[in-house]
Novice: 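Please find one structure pasted underneath; my questions will follow.
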Amino acid sequence: MLSFLKKDPRVIQFVCHPEDDGVIARPLPAKSVLPDWFRRLPAVDKGHQSAINNGLTVKRCMPFLDAMTTGWILPIAATVRLDIKDDGRSVEAGWEFDRVMVSNHGAHQVAGNPKEPSPPCKFHNYWSIRTPPGWSCLFLPPLNRPGQPFECVAGIVDTDSYSAHIHFPFFATAPDGLHVVEKGTPLVQVIPFRRADAAVTAEIRAETRAEAVERETVHRNTIAAEGWYRKSARAAR
């Protein structure tokens, strides 16, 4: 999704005010900010390895890893304190930075949502995000990462035409108390995609015999070795 042709380069741009450059936290490739717990995790836990247990951990799960490493992480620009009270019904935010960091939405705008009674809030972002013509961005809570005291709401923006700042609605998810969200904490994962590639139709039917054989072959190759099986990897050998 993010591999672009060299002869026709595609670039996602994160642009900030000149006075903010070097001050607010910078976006980073998702693959460069893997959580510490994942970095420490061995691919094979030898303490659990036995004749009946291969000891594999989620570090060998390519779908899990690919989700974590795709796209970019957009962090919070500056440190914010969230004071959650009254069983989550009240969220007060404070900061020292010289720009607005958090504002509120009206609770009536999302009445009946599963996060009630937590009120809808919004983190302010000071990076303008630009993509080439035909490209949009999916914004979603960082995938497969430790929980924060909040969860941003997912959304899609046509960043090839909308170059204003995109702010991120969120709900506080932590228990009552004071929670500090440090500068650089991941807010959202940004995944660019070309809209033409996303415009596909669905075919819903029973599988053919050939498809069943292929599916079973992939599954058996996966369990025959230690790790996720990919046909492309087999073809390269």
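The model shown is predicted, which means the values in this text are computed figures rather than measured ones.
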Novice: Apply side chain to side chain contact (heavy atoms under 4.5 Å, CB included) to residues His165 and Tyr126 and explain how you reach the verdict.
Specialist: CA-CA 6 Å; His165 291 150; Tyr126 293 101; 4.0 Å; yes
Novice: Do Pro192 and Cys137 have side-chain heavy atoms sitting under 4.5 Å apart?
Specialist: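 In contact.
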Novice: Between the side chain of Asn144 and the main-chain N/O of Phe64, is any donor-acceptor distance below 3.5 Å?
Specialist: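 Yes, because the side chain of Asn144 sits within donor-acceptor range (under 3.5 Å) of the backbone of Phe64.
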Novice: Let me check something: do Val58 and Leu65 share a hydrophobic cluster, defined by ILVMFWY side-chain heavy atoms less than 4.5 Å apart, either directly or through other members?
Specialist: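 Cluster IDs for Val58 and Leu65 match.
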Novice: Determine, step by step, whether Asp83 and Val91 satisfy the side chain to side chain contact (heavy atoms under 4.5 Å, CB included) criterion, reporting the C-alpha distance in whole Å, the side-chain angles of both residues, the deciding distance to 0.1 Å, and the verdict.
Specialist: CA-CA 6 Å; Asp83 193 3; Val91 179; over 6 Å; no
Novice: Without hydrogens or angle criteria, can the side chains of Asp45 and Thr57 be said to hold a donor-acceptor pair below 3.5 Å?
Specialist: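 The answer is no; no qualifying pair exists.
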Novice: Roughly how far, to the nearest 0.5 Å, is the CD1 atom of Ile129 from the CG atom of Leu74?
Specialist: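 That separation rounds to 5.0 Å.
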Novice: Do any N or O atoms from the side chain of Asn221 and from the backbone of Thr217 form a donor-acceptor pair under 3.5 angstrom?
Specialist: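 Here the side-chain-to-backbone pair exists.
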Novice: Any sub-3.5 Å donor-acceptor pair from Arg194's side-chain atoms to Gly134's backbone N or O?
Specialist: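 No: the side chain of Arg194 does not pair with the backbone of Gly134.
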Novice: Could you tell me whether a side-chain N or O of Arg145 sits under 3.5 Å from a main-chain N or O of Leu143, the two making a donor and an acceptor?
Specialist: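 Here the side-chain-to-backbone pair exists.
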Novice: Okay, side chain of Ser90, backbone of Asp86: is any donor-acceptor separation there less than 3.5 Å?
Specialist: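 No.
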Novice: For the side chain of Asp176 and the backbone of Gly88, is there at least one donor-acceptor N/O pair under 3.5 Å apart?
Specialist: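 A pair under 3.5 Å: yes.
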Novice: Closer than 4.0 angstrom, basic N to acidic O: yes or no for Glu151 and Lys115?
Specialist: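 A salt bridge links Glu151 with Lys115.
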Novice: For the residue pair Phe14 and Trp72, categorise the inter-ring angle as parallel (less than 30°), tilted (30 to 60°) or perpendicular (more than 60°).
Specialist: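 Judged by the thresholds at 30° and 60°, the geometry between Phe14 and Trp72 is tilted.
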Novice: Distance only, no hydrogens: is a donor on one side chain within 3.5 Å (strictly under) of an acceptor on the other, for Thr208 and Glu211?
Specialist: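 On atom types as modelled, these side chains qualify, holding a pair under 3.5 Å.
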Novice: Working note: Arg26 + Asp21, criterion side chain to side chain contact (heavy atoms under 4.5 Å, CB included); need CA distance, chi angles, decisive distance, verdict.
Specialist: CA-CA 8 Å; Arg26 300 172 68 87; Asp21 192 22; 2.9 Å; yes
Novice: Has the side chain of Lys59 got a donor or acceptor atom that lies under 3.5 Å from a matching backbone atom of Leu41?
Specialist: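 Pair found, side chain donor or acceptor close to backbone of Leu41.
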Novice: Begin from the C-alpha positions of Leu140 and Gln189 and carry the test side chain to side chain contact (heavy atoms under 4.5 Å, CB included) through to its verdict.
Specialist: CA-CA 5 Å; Leu140 69 169; Gln189 191 163 347; 4.1 Å; yes
Novice: Without swapping roles, check the side chain of Ser32 against the backbone of Leu28 for a donor-acceptor pair under 3.5 Å.
Specialist: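 Not confirmed, Ser32 side chain does not pair with Leu28 backbone.
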Novice: Thr185 side chain to Val181 main-chain N or O, any donor-acceptor pair under 3.5 Å?
Specialist: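 Not at all, since once roles are kept as given, no pair shorter than 3.5 Å links the two residues.
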Novice: Taking Glu182 first and then Arg81, would you say they form a salt bridge - that is, a charged N and a carboxylate O separated by under 4.0 Å?
Specialist: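 A salt bridge is absent here (no side-chain N lies under 4.0 Å from a carboxylate O).
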Novice: Check this for me: does any side-chain nitrogen of one of Arg195 and Asp197 sit under 4.0 Å from a carboxylate oxygen of the other?
Specialist: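 No salt bridge links Arg195 with Asp197.
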Novice: Begin from the C-alpha positions of Thr131 and Asp160 and carry the test side-chain hydrogen bond (donor to acceptor under 3.5 Å, both in side chains) through to its verdict.
Specialist: CA-CA 5 Å; Thr131 48; Asp160 57 346; 5.1 Å; no
Novice: Side chain of Ser128, backbone of Ser163: donor and acceptor closer than 3.5 Å?
Specialist: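 Yes: the side chain of Ser128 pairs with the backbone of Ser163.
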Novice: Using a 3.5 Å cut-off and no angle test, enumerate the donor-acceptor pairs between side-chain atoms of residues 167-175 and protein atoms at least two apart in sequence or in another chain.
Specialist:
| residue | atom | partner | partner atom | Å |
| --- | --- | --- | --- | --- |
| His167 | ND1 | Asn125 | N | 2.9 |
| Thr173 | OG1 | Gln148 | O | 3.3 |
| Thr173 | OG1 | Phe150 | N | 3.3 |

Novice: Is it the case that more than 12 heavy atoms not belonging to Arg39 sit under 6.0 Å from its CZ atom?
Specialist: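 Enclosed.
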